[in-house]
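Notes for the one structure printed next.
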Amino acid sequence: MTQTNLMDLQGQIENVTYFNEETGYTIAKVKVAGNKDLVPCVGNLIRPTPGEVLSMKGEWTNHEKYGRQFKSSFSQTTTPASVHGIQKYLGSGLIKGIGPVMSKRIVAKFGKDTLEIIEHRSERLAEIPGIGEGRIGMIRKAWQDQKEIREVMLFLQTHGVSSGFAAKIFKQYGNDAIGIVQENPYRLAKDIFGIGFLTADKIAGKMGFAKESLVRAEAGILYVLNQLAEQGHVYAPQPFLLEQSQAILGIGADIIEKAVANLVKEQMVSSEERPGLDHRAIYLSHFYLAECQAAARLKALIPAPKQTRQIDVDKALGWVQEKLAITLAEKQLQAVKAAIESKLMIITGGPGTGKTTIINAIMKIYKTVKTTIFLAAPTGRAAKKMAESTGQEAKTIHRMLEFNFKRGGFQKNENSTLDCDILIVDEASMIDIVLMHYLLKAVPTRATLILVGDVNQLPSVGPGNVLRDIIAAGVAPVVELNEIFRQAKESSIIVNAHRINQGLFPETKPTTDASGTLSDFYFIQQEDPEKALETILNLVKTRIPMRFKLNPINDIQVLSPMNRGTVGVTNLNTELQQALNPGEGGVSRAGKTFRIHDKVMQIRNNYDKEVFNGDIGRIFHIDAEDQEIKVLFDERLVAYEFADLDELVPAYAVTVHKSQGSEYPAVVIPIMTQHYMMLQRNLIYTAVTRGRKLVVLVGTKKALAIAVKNNKTEQRYSLLRQRLTGN
């Protein structure tokens with residue numbers, strides 16, 4: 001149908017049934033004069049708000065399921081004129097500081113003049129009981145912001161940007177948003193979380209930026225390097241970088257090489273050739289700095305003299321075993337001895353191999369010679385577990401290094417080092433190259449650094465393979481524990497974790513043994529993904545809580561190898577939320593609905609809020625009036641504006657990668673052949689070792705066998721080992 005044949009329709013939005021922030025696609029019920037029933041209208045709208053008057057051009061269509069509806073091709077909105085419309089408009093959550101109750105009180109006082117008063121005479125809002133100067137200021141700012149956000153939305157929508165990002169863009173750039181995007185749309189990919197290069201590139205294309213422009217090539221190279229960092233690489237070999245950049249940008253290698261040279265000149269990228277390396281290494285500059293300085297600080301730490309009192313090793317080993325009433329195994333004795341004699345040492349081993357016993361023995365010995373011992377771990381949960389097992393305070397690395405966003409980052413550094421003689425860091429396999437760099441900056445050269453971890457787990461989520469690289473460099477004593485102790489042998493979880501690590505198929509016992517004791521490890525055979533999903537829902541909601549007396553939300557964690565698929569994280573979260581926390585209320589953002597009591601996960605480091613990638617919390621409060629959600633993370637409330645909700649995802653199910661460093665009373669793990677790309681031994685081993693009391697695998701033995709046999713770990717481009725050895 002041509003534009004001249006389009007019909008006009010005008011009405012007031014009564015409610016918004018569906019709104020997709022990514023596309024602007026809306027399903028709304030509209031009150032049209034002369035129509036008894038509300039008219040269903042569909043189309044792409046800019047921030048549709050109940051109460052607005054909507055003028056549309058479009059056509060009537062018949063939907064096979066929903067019947068007659070108006071399909072809008074062009075539309076514009078105006079503020080409502082009726083008292084009913086104004087009240088609905090203000091009560092919709094559009095203006096921060098005004099909710100449904102407050103909107104009724106304001107409209108009851110000012111009637112049809114309400115919007116004019118908010119815009120031009122907002123001081124009169126003080127006439128409403130409960131509205132003070134602070135709230136008037138909030139309302140005044142929110143009213144102005146939403147007008148400007150709509151201007152930004154209109155501009156961005158004409159250039160192919162989804163309306164969902166407009167609020168974030170406006171929050172980042174304010175009134176300069178349109179000018180900044182016009183000048184360099186590629187800044188969006190760098191500055192706005194959630195907008196990647198590909199989206200920015202589409203915008204730039206619509207704005208007339210040339211395909212071969214250097215600014216586009218530079219943005220594309222940075223995008224490729226960041227994508228590789230997300231896969232764990234610290235740098236990219238130059239030929240690989242050129243190949244990947246050409247594939248994405250569709251331009252010649254000569255332009256890409258020139259763009260790389262420009263980025264090196266601008267110090268955004270670092271380039272290095274090393275003897276024995278058959279390619280030039282291209283780094284994002286902050287990764288290059290982190291890797292070089294981490295290596296330099298480790299090399300300086302190792303030969304520096306200890307400043308603790310001399311300890312007679314043999315006497316100390318005998319004394320500590322007597323004091324703790326234990327007999328240390330041979331490798332445990334080696335570990336304690338190395339911790340006394342060396343400045344840097346590594347203890348690695350799986351569950352049940354006595355790592356905690358060694359830590360306690362080391363601490364007992366060092367405390368007798370009046371040393372200051374610090375304990376740390378990468379995550380809050382790992383630090384809490386460490387504190388419980390040692391009886392001494394343990395902090396996250398960020399907290400120990402006193403991260404302060406407003407004061408520019410970590411307050412503990414080379415100029416203000418940690419005041420400790422011994423630093424013991426648990427879950428060291430989780431530490432990426434950037435965090436290790438900041439940690440080592442703060443470790444005084446007099447200190448002894450003891451890294452404890454499980455090298456057979458998945459490597460860090462961030463770039464690098466730090467623990468493996470330090471071990472491979474051979475610069476420090478490494479004690480690898482592989483003996484399972486008697487008490488641990490009673491746990492099928494621990495026994496099977498070690499079997500998996502050895503490439504053996506896990507053993508499953510009967511549901512209960514002869515004494516009626518429940519097993520802690522189960523495998524439920526299920527070939528069909530839909531039936532596997534049904535089984536998981538039943539396990540989490542009913543079977544495990546009833547049988548093992550566990551809370552389905554707090555105590556049971558579903559861990560999936562992938563995000564996609566029937567039993568992937570995305571679909572599992574939708575189904576589990578409906579099963580465990582159903583309801584009509586909540587806040588919808590970017591295709592996700594958040595409700596009070598939902599389990600959620602932070603998916604990026606937010607230093608301002610002091611929440612980090614992988615932190616799990618529960619939604620404690622939703623305030624539609626102030627447009628804010630409060631999430632409880634480990635007894636600490638953190639506030640999120642609605643515009644920032646893309647930092648949170650539902651966490652009834654999470655990927656195995658995101659579960660690192662955490663431990664749960666029970667885990668349920670789908671393992672299907674549809675996950676074949678992710679079926680690796682270290683992934684299944686990591687998943688199984690997350691369960692403390694119960695592990696249930698749901699899927700096929702074929703998929704499990706593939707994973708157990710596949711011991712190939714993906715190569716990560718890193719030169720930390722070479723920097724440590726000088727090769």
Taking only residues at least two apart or on different chains, which pairs with a member in residues 100-110 satisfy salt bridge (charged side-chain N to carboxylate O under 4.0 Å, His left out)?
Lys109-Glu127

Taking the side chain as C-beta and beyond, is there a heavy-atom pair between Glu230 and Gln227 under 4.5 Å?
yes

Value rounded to 0.5 Å, distance of CZ in Arg124 from CD1 in Ile131:
12.5 Å

Ignoring hydrogens, what is the shortest heavy-atom contact between Val654 and Ser659? Give both atom names and the distance.
CG2-CB, 4.4 Å

For the backbone of Tyr652 and the side chain of Gln557, can you confirm whether one donor and one acceptor N or O come within less than 3.5 Å of each other?
yes

Which heavy atom of Gly250 sits nearest a heavy atom of Lys211, and at what distance?
O-CE, 3.4 Å

Is any side-chain heavy atom of Ile524 less than 4.5 Å from a side-chain heavy atom of Leu697?
no

Would you check, one step at a time, whether the test side chain to side chain contact (heavy atoms under 4.5 Å, CB included) holds for Leu683 with Leu679?
CA-CA 7 Å; Leu683 182 134; Leu679 295 180; 5.7 Å; no

With a sphere of 6.0 Å drawn around NZ of Lys609, does it hold more than 12 non-hydrogen atoms of other residues, nucleotides or ligands?
yes

For Val567, is there any backbone N or O sitting under 3.5 Å from a side-chain donor or acceptor partner on Ser560?
yes

Has Phe620 got more than 12 heavy atoms of other residues, nucleotides or ligands less than 6.0 Å from its CZ?
no

Could you give the distance from CD1 (Ile169) to CD1 (Ile180), rounded to the nearest 0.5 Å?
10.5 Å

Do Asp191 side-chain atoms and Leu188 backbone N/O form a donor-acceptor pair below 3.5 Å?
no

In terms of heavy-atom contacts, does NE2 of His597 have more than 12 from other residues, nucleotides or ligands at under 6.0 Å?
no

Between Leu576 and Val540, is there a side-chain heavy-atom distance shorter than 4.5 Å?
yes

The reported gap from CG in Leu632 to NE2 in His621 (rounded to nearest 0.5 angstrom) is 13.5 Å

Residues in side-chain contact (heavy atoms from CB on, under 4.5 Å) contact with Lys702, at least two apart in sequence or another chain
Thr673, Thr700, Ile706

Show the nearest heavy-atom pair for residues Val30 and Cys41, with the distance to one decimal.
CG2-SG, 3.7 Å

Is Asp113 reaching over with its side chain to a backbone N or O of Glu116, donor-acceptor style, under 3.5 angstrom?
no

Exactly one candidate in Glu14, Gln12, Lys31 meets side-chain hydrogen bond (donor to acceptor under 3.5 Å, both in side chains) with His84; the answer is Glu14

Considering residues at least two apart in sequence or located in another chain, which fulfil the side-chain contact (heavy atoms from CB on, under 4.5 Å) criterion with Glu212?
Ile251, Ile255

Taking the side chain as everything from C-beta on, heavy atoms only, tell me whether Asp555 gets closer than 4.5 Å to Tyr664.
no

If we check side chain to side chain contact (heavy atoms under 4.5 Å, CB included) with Val224, which of these qualifies: Leu222, Leu228, Asn226?
Leu228

Between Ala259 and Ile221, what is the shortest heavy-atom contact and its length?
CB-CD1, 3.5 Å

Would Glu59 and Lys71 count as a salt bridge (charged side-chain N to carboxylate O under 4.0 Å, His left out) here? Give the steps.
CA-CA 5 Å; Glu59 58 182 324; Lys71 187 176 181 181; 5.4 Å; no

Checking Gln602 side chain against Arg604 main chain: does a donor-acceptor pair fall under 3.5 Å?
yes

Steps toward side chain to side chain donor-acceptor pair (under 3.5 Å) verdict (Gln87, Ser103)
CA-CA 6 Å; Gln87 185 178 305; Ser103 69; 5.2 Å; no

How many angstroms lie between CD in Glu534 and CD1 in Ile536, if you round to the nearest 0.5 Å?
11.0 Å

Side chain to side chain, Thr26 and Val42, heavy atoms closer than 4.5 Å:
no

Modelled atom types, side-chain donor and acceptor of Asn605 and Asn613, under 3.5 Å:
no

Worked verdict on Met601 versus Asp615 for side chain to side chain contact (heavy atoms under 4.5 Å, CB included):
CA-CA 6 Å; Met601 175 182 277; Asp615 285 355; over 6 Å; no

If only side-chain N and O atoms count, and only distance matters, is there a donor-acceptor pair under 3.5 Å linking Asn571 with Arg564?
no

Results of side-chain contact (heavy atoms from CB on, under 4.5 Å) for Thr655 - residues two or more places apart only
Asn563, Val569, His657, Lys658

Let me see the working for Phe633 and Ile616 under side chain to side chain contact (heavy atoms under 4.5 Å, CB included), right down to the final yes or no.
CA-CA 7 Å; Phe633 290 101; Ile616 288 181; 5.8 Å; no

Between Asn184 (side chain only) and Tyr186 (backbone N and O only), is there a donor and an acceptor less than 3.5 Å apart?
yes

Give a yes-or-no answer on whether the side chains of Gln577 and Glu575 include a donor-acceptor pair shorter than 3.5 Å.
no

Show the numbers, then the answer: is there a side chain to side chain contact (heavy atoms under 4.5 Å, CB included) between Glu641 and Ile629?
CA-CA 6 Å; Glu641 292 184 12; Ile629 279 182; over 6 Å; no

So, the side chain of Thr535 versus the backbone of Lys531: is there a donor-acceptor pair under 3.5 Å, distance only?
yes

Are any of the side-chain heavy atoms of Asn551 and Ile556 separated by less than 4.5 Å?
no

Should Leu90 and Ile118 count as side-chain neighbours, where that means a heavy-atom distance under 4.5 Å?
yes

When rounded to the nearest 0.5 angstrom, what is the spacing between CD1 in Ile256 and CG in Leu249?
5.5 Å

Does the Ser122 side chain pair with the main chain of Glu119, one donor and one acceptor, at a distance under 3.5 Å?
no

Check whether any side-chain N or O of Gln244 sits under 3.5 Å from a backbone N or O of Leu241 as a donor-acceptor pair, and report yes or no.
no

Between CE on residue Met102 and CD1 on residue Ile139, distance to nearest 0.5 Å
7.0 Å

For Ala687, side-chain contact (heavy atoms from CB on, under 4.5 Å) partners two or more places apart:
Leu559, Val656, Ile669

Taking the cut-offs as 6.0 angstrom to the six-membered ring centre and 45 degrees off its axis, would you call Lys630 and Tyr640 a cation-pi pair?
no

Counting C-beta onward and ignoring hydrogens, is there a side-chain heavy-atom pair between Val649 and Val600 closer than 4.5 Å?
no

Test: salt bridge (charged side-chain N to carboxylate O under 4.0 Å, His left out). Region: residues 216-227. Which pairs qualify, not counting sequence neighbours?
Asp201-Arg216

